[in-house]
There are 2 protein chains.
Amino acid sequence: MLVQTLAQEISQLEANLCSAFADPTRILILYSLNEHPRNVTEITNDLGSNQPTISRHLKILRDHGLVNTARQGVTITYSLADSRLIQALDLLRSVLHDTLTSKANLIVEIKS
Amino acid sequence: MLVQTLAQEISQLEANLCSAFADPTRILILYSLNEHPRNVTEITNDLGSNQPTISRHLKILRDHGLVNTARQGVTITYSLADSRLIQALDLLRSVLHDTLTSKANLIVEIKS
DNA sequence: TTCAAATATGCGTGCATACTCATTTTAGTG
DNA sequence: CACTAAAATGAGTATGCACGCATATTTGAA
């Protein structure tokens with residue numbers, strides 16, 4: 001049926017978007033850009049990684065429309081495309097926090 | 001430095017969590033469970049997939065703590081562990097919507 | 001046009017994951 | 001215990017992704 005196929009396509013797009021988040025370096029980049037826009041060299045130094053790696057991750061974020069670019073001469077400044085991305089990441093982070101907390105409490109209960 | 005390492009560990013956990021979302025079948029499962037809890041057979045029929053595939057995806061969701069299980073005799077009912085997961089997915093879906101809309105408008109502009 | 005800095009990309013390798021098919025485990029029932 | 005339905009897992013295969021290294025492209029300036 002059409003609706004079924006539509007739902008599948010939407011979830012496919014959504015999964016694609018999520019796969020852009022499925023890398024710790026890219027998450028750090030997004031949080032870094034949430035503070036303020038940065039160029040590639042600044043991001044590289046900020047994360048302590050090497051330039052080609054950062055450039056590739058930026059390309060992935062760009063292809064997914066998660067970041068915007070602005071060229072100034074020879075440097076390219078990247079910025080966060082949408083603050084809701086950080087909202088979503090913060091939501092997941094809070095879920096993560098609660099999960100870890102409850103696990104920690106379980107350990108305490110088992111020991112007592 | 002310690003803070004740097006801590007941020008990296010958190011983003012690693014967050015990326016792990018996001019990789020659980022990076023599959024269209026798992027997203028469909030989560031939205032399906034958001035309606036109401038279901039057992040494996042029901043999910044399989046609902047998504048029109050085959051049982052081993054669904055079972056594997058459920059294991060991944062389980063390992064990430066995104067779903068809870070309750071055994072009733074021979075069937076196991078799965079339920080959504082935290083509604084914030086759907087909140088986060090809905091946020092991403094709205095970002096996706098806006099991205100596609102602006103792309104569509106670009107096409108209109110180019111044609112005129 | 002030659003050089004230098006900033007950014008992007010080609011290539012090879014290793015690792016993780018998803019799928020299909022068959023089989024196994026688990027739990028309830030006669 | 002034998003049988004059946006539900007759910008999970010093992011094996012093999014294919015695909016995609018991330019990284020490191022080297023190199024290419026782009027832009028501005030001398």
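First the proteins, then the strands, lettered A, B, ... as listed; each starts at 1. Side chains included, hydrogens not; waters and symmetry mates left out as well; all remaining heavy atoms used.
Ranking C:dT9, C:dA18, C:dA6 by closeness to the A:Thr41 side chain, first place goes to C:dA6. Looking at the side chain of A:Ile76, the nearest of the listed nucleotides C:dA18, C:dA6, C:dA8 is C:dA8. When the nucleotides C:dA8, C:dA5, C:dA27 are ranked by their closest atom to the side chain of A:Val40, C:dA8 comes out on top.
For the atom pair CG (A:Asn34) and OG (A:Ser79), the distance works out to 11.0 Å, reported to the nearest 0.5 Å.
B:Ser55 comes within contact range of at least one nucleobase, with a heavy-atom separation under 4.0 Å. Backbone-only engagement by B:Ile60 is indicated by non-hydrogen atom pairs under 4.0 Å involving sugar-phosphate atoms exclusively.
Counting heavy atoms from C-beta on, the side chains of B:Phe21 and B:Leu92 never come closer than 4.5 Å. The shortest distance between side-chain heavy atoms of A:Asn39 and A:Glu42 falls below 4.5 Å. Using a 4.5 Å heavy-atom cutoff, the side chains of B:Asp90 and B:Tyr31 are in contact. Using a 4.5 Å cut-off on side-chain heavy atoms (C-beta onward), A:Ile54 and A:Thr25 make contact. Inter-residue side-chain proximity for B:Leu33 and B:Ile43 is flagged as met; some heavy-atom pair is nearer than 4.5 Å.
One can place CD1 of B:Ile27 at 12 Å from P of C:dA18, the figure rounded to the nearest angstrom. Atom pair A:Leu61:CG and C:dA8:C1' shows a separation of 15 Å (rounding to whole Å applied).
Protein chain A touches strand DNA chain D; the 5'-most and 3'-most nucleotides with an atom under 4.0 angstrom of its non-hydrogen atoms are D:dA18 to D:dG28.
Dashed line: the shortest gap from a side-chain N or O of A:Tyr78 to OP1 or OP2 of C:dA8 is under 4.0 Å.
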Fill in: Letter per nucleotide, 5' to 3', of nucleotides 19-24 of chain C [B base touched, S only sugar-phosphate touched, - untouched; heavy atoms, 4.0 Å]
SBBB--
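Both A:Arg71 and B:Lys59 lie close to DNA chain D; mapped to their nearest nucleotides by heavy-atom distance, the more 5′-ward contact belongs to B:Lys59.
A:Glu9 places no side-chain N or O within donor-acceptor distance of the main-chain N or O of A:Leu6, the cut-off being under 3.5 Å.
Side-chain contact of B:Arg38 with B:Ser32: a donor-acceptor pair under 3.5 Å is present, judged by distance alone.
Between A:Ser55 and A:Arg62, the closest heavy-atom pair is O-NH2, 4.4 Å.
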